[in-house]
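Okay, structure first, notes after.
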Amino acid sequence: MLVLKFGGTSVGSIKNMINVKNIINDGQKKIVVLSAMSGTTNTLVSLSEDIKNGNFDQALATITSLRANYDTTINALITNPEIYKSVFVYVSNVFNTLEASINKLHTTLLYNQIVAQGELLSTYIFNAYLQQENINAALLPALDFMRIDKTNEPDNFYIQQNLDRVIAEKPDAQIYITQGFICRNAEGEVSNLQRGGSDYTATIIGAVVKAEEVQIWTDIDGFHNNDPRYVDNTQAISNLSFDESAELAYFGAKILHPQTVMPVSAFDIPVRLKNTMSPDAHGTLITNQVHGEGIKAIAAKDGITAIKIKSVRMLLAHGFLKKVFEIFERYETSIDMITTSEIAVSLTIDDTTHLEAIVEELERFALVEVDDYMSIVCLVGNAIIYHADTPNLFQVLQDVNVRMISYGGSNNNISLLINTSDKLETLQKLQRYVFENGSVLV
Ligand code: ASP
Ligand code: MG
């Protein structure tokens, strides 16, 4: 079995939906995971915010304009009158339910129910389109099998049992369509795998069905060696190891949800990144094989806050780090980078929900300085910390103000903490030195 996931832009226009249909209609049995049409989830998130803040007029206006977009899409895509009728009823129900939620009490559950509608709409519409084109497809409702446990981890046993069950109910279908992102929680309520979670859905399913391969189809031909939004002449990387891709996804390369490779790497199921707009391009193949050496890719993650914690006793007395970490642990705030000296420890976080409380507790035994608007620039490549040319990196960065460096935490990653205002220059400089002609590195 193959598992293919298509992102928001891949189902975001009629033209792209036709591309997707052509890609999946090759006679092979497969599960197809879809995101919401591009822009929809963001719109639903802001709708939920408006309801929460009591901006009911704005909420209604948002629903009306989103509904108009969907009406236009289904009018153009679904030409068969019978099928159109069922799609129209489904879409109308979704928007009527959204309208009815304006008066409801805003809770996490309501938010989850609202944002789930994007994937429910895209899969219903796309499956109906496949029926119209006489393709042997069937819809598998993710809410019937996808579930997370109390610790927000996929409940693999439950997923396996229930996915097998829903597939067995439709044994003759060639193509199974399902929703990415959405799931149920341990209480059985509608929940999700966090923003961008459709990739994760695909690999969770891939691991459960022991897929031959999981393919993630987006609008770019794989992982690039630098961020194409800020740097010219970036190139797609043809092969990455699971570890390299996990570091890149975690530290900013937006193409993949950070947890994506976790479920499949243990089973050695390859993940292939492909471009829906140019299906013949090689893309990036992620396996447990290591290819090449030296710096393979550069990525940056914004929205980082640095916290410097200085021991008031001037020395990092033993037990100091434990006390520090316990506070972050208690507030469920994960630490990205960390460096220590004899008298201070600096670390970074990207979730500042509990920052105030954390700082207050730290200040009971330490001096604390907080800097925000920072970015982590991460350089990834197999065993880069051992590569002979890597030390040249520090020459390249002579005139960038580096606040922290993490070297050796993993063999495959060197991370630099800089001001976000220096990011563009840093990425471009690194690009020139690392990947372009006459590079001093690699
Ligand atoms: N539609 C969801 C989002 O925009 C999930 C995804 O696309 O992966 O976050
Ligand atoms: Mg995505």
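Start at 1 and go down the list; that is how both ligands and their atoms are numbered. All residue numbers in this chain count up from 1 along the given sequence. Side chains included, hydrogens not; waters and symmetry mates left out as well; all remaining heavy atoms used. Note that the coordinates shown come from a computational prediction; the quantities given were computed from them, not determined experimentally.
Scanning for side chain to side chain contact (heavy atoms under 4.5 Å, CB included) contacts around L424 gives Y230, Q428, with sequence neighbours left out. Under the side chain to side chain donor-acceptor pair (under 3.5 Å) criterion, S101 pairs with no residue, sequence neighbours left out.
For the pair K210 and F267, the cation-pi test (distance below 6.0 Å, angle within 45°) is passed.
Contacts of ligand 1 (protein heavy-atom distance under 4.0 Å) are S35, A36, T41, E119, F181, R195, G196, G197, S198.
Note: Y84 and F88 have parallel aromatic rings, judged against thresholds of 30 and 60 degrees for the angle between ring planes.
Among pairs with a residue in residues 258-271, those fulfilling side chain to side chain donor-acceptor pair (under 3.5 Å) read D268-N288, at least two apart in sequence or across chains.
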Begin from the C-alpha positions of R165 and E169 and carry the test salt bridge (charged side-chain N to carboxylate O under 4.0 Å, His left out) through to its verdict. CA-CA 6 Å; R165 176 179 58 78; E169 284 166 9; 3.5 Å; yes

